[in-house]
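Structure record follows, encoded as structure tokens.
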There are 2 protein chains.
Amino acid sequence: MIRGQRRSDAPGMAVTRLMALAPLDGAALDALDQAMEDARAVRVRRDIITEGREIVQAQLLLSGWAARVRLLPDGRRQFLSFLLPGDLIGACDHPHALAVSTVVAMSDVLVCPLPQAAAGSPLHVAYAISRAMDEGHLLAQITRLGRLNAQERISDLLLELHERLTLNGSATGNGFDLPLTQETLADALGLTSVHVNRMLQQARREGDLQWRVGHVKLTDPAGLARKIGHLPVRVTAQ
Amino acid sequence: MIRGQRRSDAPGMAVTRLMALAPLDGAALDALDQAMEDARAVRVRRDIITEGREIVQAQLLLSGWAARVRLLPDGRRQFLSFLLPGDLIGACDHPHALAVSTVVAMSDVLVCPLPQAAAGSPLHVAYAISRAMDEGHLLAQITRLGRLNAQERISDLLLELHERLTLNGSATGNGFDLPLTQETLADALGLTSVHVNRMLQQARREGDLQWRVGHVKLTDPAGLARKIGHLPVRVTAQ
DNA sequence: CGACTTATTGAAGACCGTCAATTACTGTGG
DNA sequence: CCACAGTAATTGACGGTCTTCAATAAGTCG
């Protein structure tokens, strides 16, 4: 049991997400409950896993935001993807796996060991689907960076985050908490914070979104998605 | 057995790569031999799998180049990654999996069904490592597009391709065949073909590489890698 | 309150895109 | 063997998006 932090209902979002991916049976829920007993708190800005180090234990993000990130020798930084409650961390199934990217906490987070799942079990299916969605998010990120302009990149990322947070029950209608600075957004979108700031102002002026520090509200997600040709990630038929 | 095309030694590169990832036993090699009996030829520019369609059978690329690609509604195109002999196509392990990207043949290619691998078998390990490397390549692509300039993007991608082709035995020292047009390169690097052309000329002038249609020779791969801070993808300890 | 981070604004310029034309190629058929 | 079409590579002029470099305002926390 973690100290100084009650096992609140927040981690429920992680289970909500996994349930949305594949219907979990009692055994799976028990395994998750069990794993949560060994939850571990990681402070904002601390590494959860480190690039190039051996992965000793796959983990499940229970609450808070994390991000996969790469640092270049000269100090440039690139966020590869964001991880939300219910996302897997370091889940690969070969021996002596090295982390291919650092995972850093973007807020104070709670993680727990990822319960083992027998081949074919509901939990196993949920993991596979989760990994496939992760891959989908990476592909979306590549397309964003390669072929969208600044305005489109911002909208596209916010739409993705909104969809994902809706899936795990963290969004409130069209609004959601976004614990990211404009500089962080810039390092995710391949832009400078100055330009992100200008484009965000433009988006606000045009009525596409409302922005308070730590909170975003999209005026019309569906309309915005149509406007920029955004498609949600889908990895299974029904 | 495929018709009109002898089962040449070319597919051997695919086995070479898988062997390099994990030492395969006789059973694995037999399974691969068996699968190659059902090899299928796909013409350049044809889809091997199509985004959004259900994946009926994972495949192994035996010879030729393929690429994962996304097309935007307005005609913009983004290549997500390139696939070389020995790479897996559509290998995901959840039911009713949908392809998250189209895979298109960049040259005439040979593919075969991916042999089943029992959990824990050498083949299974090779697949897992291959998938992890694929992910590494996607992360590298994100970093390229997000934080490298045009010159660095070109060098970084060529270095990656050189490393991968060396792994499966397709490179000849510092040179390798590159069946890509400058426009294709542009759509992979988030640039225009005009700018790729100019940057390639600059790289040639500065002595970094030689470029003939369909063939590249890097003057000093290790030096170039140091110069732009390129790191090869590594996913296992030793 | 004071130190720190984050957001905002302005001016200047670099990098890369767009448009359009020209020059190689490559393969095909007469 | 050459004419031809189609694709790919190359070049030039110009413009826009985004960056860089400051500086200032606003917010946060002990």
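Below, read A as the first sequence line, B as the second, and so on, with proteins coming before strands; counting in each chain starts at 1.
Whole-Å rounding puts the A/Arg198 CZ to C/dT8 C1' distance at 9 Å. When rounded to the nearest whole Å, the span between NE2 of B/His215 and P of C/dC25 equals 17 Å. Between the CD atom of B/Glu183 and the C1' atom of D/dG6 there is a distance of 14 Å, given to the nearest Å. The separation between A/Leu191 atom CG and D/dT19 atom C1' is 10 Å, rounded to whole Å. Atom CG of A/Asn149 and atom C1' of D/dG16 are 12 Å apart (whole Å). Rounded to a whole Å, the CH2 atom of A/Trp211 is 10 Å from the C1' atom of C/dA7. In this structure, B/Gln201 atom CD and D/dA9 atom P are separated by 12 Å, rounded to whole Å. Taking atom CD of residue B/Gln202 and atom C1' of nucleotide C/dC16, one finds them 13 Å apart after rounding to whole Å.
B/Arg204 comes within contact range of the sugar-phosphate backbone alone, with a heavy-atom separation under 4.0 Å but no base atom that close. When heavy atoms are screened at a 4.0 angstrom cut-off, A/Gly190 is found touching the sugar-phosphate backbone but no base atom.
A distance-only check finds no donor-acceptor pair linking the side chain of A/Gln78 to the backbone of B/Leu148 [under 3.5 Å]. Judged by distance alone, with hydrogens and angles left aside, the side-chain atoms of A/His137 form a donor-acceptor pair with the main-chain N or O of A/Met133 at under 3.5 Å.
Between B/Ile89 and B/Leu60, every side-chain heavy-atom pair lies at or beyond the 4.5 Å cut-off. Side chains of A/Leu218 and A/Asp208 form no contact here, defined as non-hydrogen atoms less than 4.5 Å apart.
Minimum atom distance to the side chain of A/Gln182 is reached by C/dA7, of the listed C/dT18, C/dA7, C/dC16.
With DNA chain C read from its 5' end, the first of the two nearest nucleotides for A/Arg147 and A/Ser193 is the one closest to A/Ser193. Heavy-atom distances to DNA chain D give each of A/Leu148 and A/Val194 a nearest nucleotide, and the one nearer the 5′ end belongs to A/Leu148.
A/Arg205 and A/Gln202 share no side-chain donor-acceptor pair at under 3.5 Å.
For D/dT10, the OP1/OP2 oxygens have a side-chain nitrogen or oxygen of B/Asn197 closer than 4.0 Å.
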